[in-house]
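Supplied in structure tokens, the structure appears directly below.
The model shown is predicted, which means the values in this text are computed figures rather than measured ones. Index from 1, following the sequence. Keep in mind that the numbers below use all heavy atoms, side chains included, and drop hydrogens, waters and symmetry copies.
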Amino acid sequence: YYSTDNGLSNSLINKIYQDSRGFIWIATEYGLNKFDGVRFTIYGHIPGDSTSLVNNYVRTVYEDGGGRLHIGTLTGLMRYEPGIDSFRVTKMLFEGREVKPHVTSVTELRSGELLVATSGRGVFQLNEDGNAYPAEGINVPSIYLNTVFEDSAGFIWIGSENDGLFRVDRRTGRMVIYN
């Protein structure tokens, strides 16, 4: 049993994720915790340190097929740099300017594309330049999103905070709303 009494930074947990190296990552409302099976390493925001988390409220953690760990926070997306044990901001651009949305979910499609759901800015796609832009072909009626997922048939499912569930077929542009 682990709690704040023996190493966990916060008991309000948003996501638990095990990476390909076996580490358990715990996204909490006050920091990101890495558990190696024995002890916790706690990561948080350090004012003035651009290699620390941009926000202590961590919503999600996701490892892509290339082994890169993406961290969604209340104010943006970051990537963990294991070689130097620090973080790098992923710029999210909307209508030509940088935004820092609440990142709620990250998933990798079979095509290798990374989709990022946000609460307040809709769905973004991580491009080859390392920046995230509004996702092409995904126009759902809500910008307040909780999750994004691709099923085995290639449909993209998006759960919203206020308008139900959406199933998007990017091949045809068709969307079905379940609410």
Side-chain angles (χ1 to χ4, degrees), residues 1-94 98-108 113-126 130-135 142-150 157-162:
Y1 176 76
Y2 297 100
S3 70
T4 55
D5 293 333
N6 54 6
L8 198 58
S9 68
N10 191 276
S11 60
L12 299 173
I13 296 171
N14 293 314
K15 176 99 176 193
I16 298 173
Y17 190 90
Q18 184 171 16
D19 72 16
S20 61
R21 294 179 313 228
F23 292 113
I24 305 292
W25 295 86
I26 304 163
T28 78
E29 293 189 11
Y30 196 76
L32 177 64
N33 300 251
K34 179 173 75 172
F35 186 63
D36 64 7
V38 177
R39 69 184 138 284
F40 288 96
T41 302
I42 299 171
Y43 300 95
H45 173 68
I46 301 169
D49 183 351
S50 64
T51 65
S52 72
L53 291 176
V54 293
N55 194 296
N56 283 324
Y57 190 111
V58 181
R59 181 71 184 264
T60 193
V61 178
Y62 184 82
E63 183 179 25
D64 67 26
R68 292 172 294 273
L69 202 64
H70 303 272
I71 315 300
T73 74
L74 192 64
T75 55
L77 183 65
M78 304 200 79
R79 191 171 85 196
Y80 177 65
E81 302 288 344
I84 53 176
D85 196 33
S86 65
F87 301 87
R88 181 180 68 80
V89 170
T90 299
K91 286 186 181 178
M92 300 183 78
L93 302 165
F94 185 82
E98 187 175 359
V99 294
K100 298 175 185 205
H102 179 175
V103 174
T104 56
S105 179
V106 179
T107 197
E108 185 170 13
E113 295 172 276
L114 277 179
L115 293 183
V116 180
T118 71
S119 179
R121 293 285 182 176
V123 180
F124 282 75
Q125 177 178 326
L126 198 64
N131 297 325
Y133 301 89
S142 177
I143 58 172
Y144 300 101
L145 308 174
N146 284 322
T147 193
V148 60
F149 173 79
E150 181 183 35
W157 293 83
I158 300 167
S160 75
E161 293 177 19
N162 55 347

Original post:
Could you give the distance from OG (S119) to CG (L74), rounded to the nearest 0.5 Å?
Top reply: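 Reported value, rounded in 0.5 Å steps: 9.0 Å.
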Subject >> Validation row: H70, L126 side chains within 4.5 angstrom (heavy atoms) >> reply: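 Yes, side chains in contact.
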Original post:
Distance from T41 atom OG1 to N33 atom CG, nearest 0.5 Å?
Top reply: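 If I round to the nearest 0.5 Å, the distance is 9.0 Å.
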**OP:** Measure the shortest side-chain to side-chain distance between L12 and T28 over non-hydrogen atoms and say whether it is less than 4.5 angstrom.
**Re:**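 No - every pair of side-chain heavy atoms lies 4.5 Å or more apart.
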Original post:
Within the side chain of Y62, is there an N or O that forms a donor-acceptor pair under 3.5 Å with the backbone of E108?
Top reply: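 Yes; at least one donor-acceptor contact below 3.5 Å.
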**OP:** Please test R121 against I143 for side chain to side chain contact (heavy atoms under 4.5 Å, CB included), starting from the C-alpha separation and ending with a verdict.
**Re:** CA-CA 5 Å; R121 293 285 182 176; I143 58 172; 5.9 Å; no
Subject >> Which atom of R79 lies closest to which atom of T90, heavy atoms considered >> reply: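 Scanning both residues completely, I find the closest heavy atoms to be N-OG1, 4.2 Å.
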Original post:
Where is the tightest heavy-atom contact between T118 and T104, given as atom of each residue plus distance?
Top reply: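 Heavy-atom minimum between the residues: N-OG1, 3.9 Å.
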Subject >> Spacing of CZ belonging to F87 relative to OG1 belonging to T73, to within rounding of 0.5 Å >> reply: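 Going from the CZ atom of F87 to the OG1 atom of T73 covers 10.5 Å.
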**OP:** Please check if atom OH in Y133 has more than 12 non-hydrogen atoms from other residues, nucleotides or ligands closer than 6.0 Å.
**Re:**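 It does: Y133 OH has more than 12 such atoms within range.
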**OP:** To the nearest 0.5 Å, tell me how far S105 OG sits from N14 CG.
**Re:**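 The OG atom of S105 sits 12.0 Å away from the CG atom of N14.
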Subject >> Closest approach of N162 to S142 (non-hydrogen atoms, all atoms of both residues) >> reply: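 Heavy-atom minimum between the residues: OD1-OG, 2.9 Å.
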**OP:** Without swapping roles, check the side chain of S86 against the backbone of E81 for a donor-acceptor pair under 3.5 Å.
**Re:**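 A pair under 3.5 Å: no.
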Original post:
Could you state the interatomic distance from CG (D19) to CD (E63), rounded to the nearest 0.5 Å?
Top reply: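 One gets 5.0 Å once the value is rounded to the nearest 0.5 Å.
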**OP:** For residues M78 and L53, report the shortest heavy-atom separation together with the two atoms involved.
**Re:**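 Closest approach of M78 to L53, heavy atoms only: SD-CA, 3.5 Å.
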**OP:** Show the numbers, then the answer: is there a side chain to side chain contact (heavy atoms under 4.5 Å, CB included) between M92 and V103?
**Re:** CA-CA 10 Å; M92 300 183 78; V103 174; 4.0 Å; yes
Original post:
Which pair of heavy atoms, one from N55 and one from V58, lies closest together, and at what distance?
Top reply: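 Reported closest heavy-atom pair: O-CG2, 4.1 Å.
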**OP:** Kindly indicate, with the supporting measurements, whether the criterion side chain to side chain contact (heavy atoms under 4.5 Å, CB included) is fulfilled by F124 and V99.
**Re:** CA-CA 11 Å; F124 282 75; V99 294; 4.1 Å; yes
**OP:** Could you tell me whether F40 atom CZ has more than 12 heavy atoms of other residues or ligands within 6.0 Å of it?
**Re:**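 Enclosed: over 12 neighbouring heavy atoms sit under 6.0 Å from CZ of F40.
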**OP:** Walk me through it: do E150 and T107 pass the test side chain to side chain contact (heavy atoms under 4.5 Å, CB included)?
**Re:** CA-CA 8 Å; E150 181 183 35; T107 197; 5.6 Å; no
Original post:
S9 pairs by side chain to side chain contact (heavy atoms under 4.5 Å, CB included) with which of I26, N56, I42?
Top reply: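 With S9 as partner, side chain to side chain contact (heavy atoms under 4.5 Å, CB included) holds for just one option, I42.
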**OP:** Output the distance between atom OG1 (T60) and atom NE2 (H102), rounded to the nearest 0.5 Å.
**Re:**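 Rounded to the nearest 0.5 Å, the OG1-NE2 separation comes out at 9.5 Å.
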Original post:
Heavy atoms, side chains only, cut-off 4.5 Å: are I13 and L8 in contact?
Top reply: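 In short, these two side chains touch, coming nearer than 4.5 Å.
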**OP:** Report, as yes or no, whether the 6.0 Å neighbourhood of atom CZ on R39 holds more than 12 heavy atoms from other residues, nucleotides or ligands.
**Re:**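 For R39, atom CZ is not crowded (no more than 12 foreign heavy atoms under 6.0 Å).
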Original post:
When you check the side-chain N and O atoms of D85 and Y80, is any donor under 3.5 Å from an acceptor?
Top reply: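 Looking only at side-chain atoms, Y80 and D85 do form a donor-acceptor pair, the distance falling under 3.5 Å.
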Original post:
Is it the case that more than 12 heavy atoms not belonging to K100 sit under 6.0 Å from its NZ atom?
Top reply: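 It does not: K100 NZ has 12 such atoms or fewer within range.
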